[in-house]
Amino acid sequence: MTNPDVTPPPKRLHILDNEEIEALYGRPCFTGDERTHVFTLTQPEKDLLASFTHLPIQLYFILQLGYAQSQTDVLHLYL
């Protein structure tokens, strides 16, 4: 016999709250200086960008590079 006042446990495990999910996956809010720092390309990055022939790929490259540069938590591997 089950008790109708008892709610069943959730089917999915909830590790992060909404604020933590937003911090990890939300769009970053950059200041003007941060935007300049993150999205200014070095010459080797510009050369690599020029090797991509399609605009969507070039934009994706810039966004991925900017995302990687904006992250403060970097995984350090010691091999």
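Any value given below was found using the heavy atoms of this structure, including those in side chains, with hydrogens, waters and symmetry copies removed. Residue numbers run from 1 in the order of the sequence given. Because the structure is predicted, anything quoted here is derived from the model rather than measured.
- The same ILVMFWY cluster, assembled from side-chain heavy atoms under 4.5 Å apart, contains both F39 and L41.
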Please output the side-chain donor-acceptor pairs of residues 49-59 that fall under 3.5 Å, not counting sequence neighbours, one pair per line with the distance.
residue : atom : partner : partner atom : Å
S51     : OG   : L48     : O            : 2.5
Q58     : NE2  : F52     : O            : 2.8

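- No side-chain heavy atom of L65 sits under 4.5 Å from any side-chain heavy atom of V38.
- Taking D17 as the reference, E19, E20 meet the side chain to side chain contact (heavy atoms under 4.5 Å, CB included) condition, with sequence neighbours excluded.
- Atom NZ of K46 is separated from atom OG1 of T40 by 8.0 Å, given to the nearest 0.5 angstrom.
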Name each donor-acceptor pair under 3.5 Å that joins a side chain in residues 28-37 to protein atoms two or more places apart or in another chain, with its distance.
residue : atom : partner : partner atom : Å
T31     : OG1  : E34     : N            : 3.2
T31     : OG1  : E34     : OE1          : 3.4
E34     : OE1  : T31     : N            : 2.8
R35     : NH2  : F30     : O            : 3.2
T36     : OG1  : G32     : O            : 3.0

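- Without hydrogens or angle criteria, E45 side chain to T42 main chain gives a donor-acceptor distance under 3.5 Å.
- A single hydrophobic cluster is seen to contain both L24 and I15, as judged by linkage of ILVMFWY side chains at heavy-atom distances under 4.5 Å, directly or through other members.
- Using a 3.5 Å distance cut-off with no hydrogens or angles, the side chains of Q43 and D47 do pair a donor with an acceptor.
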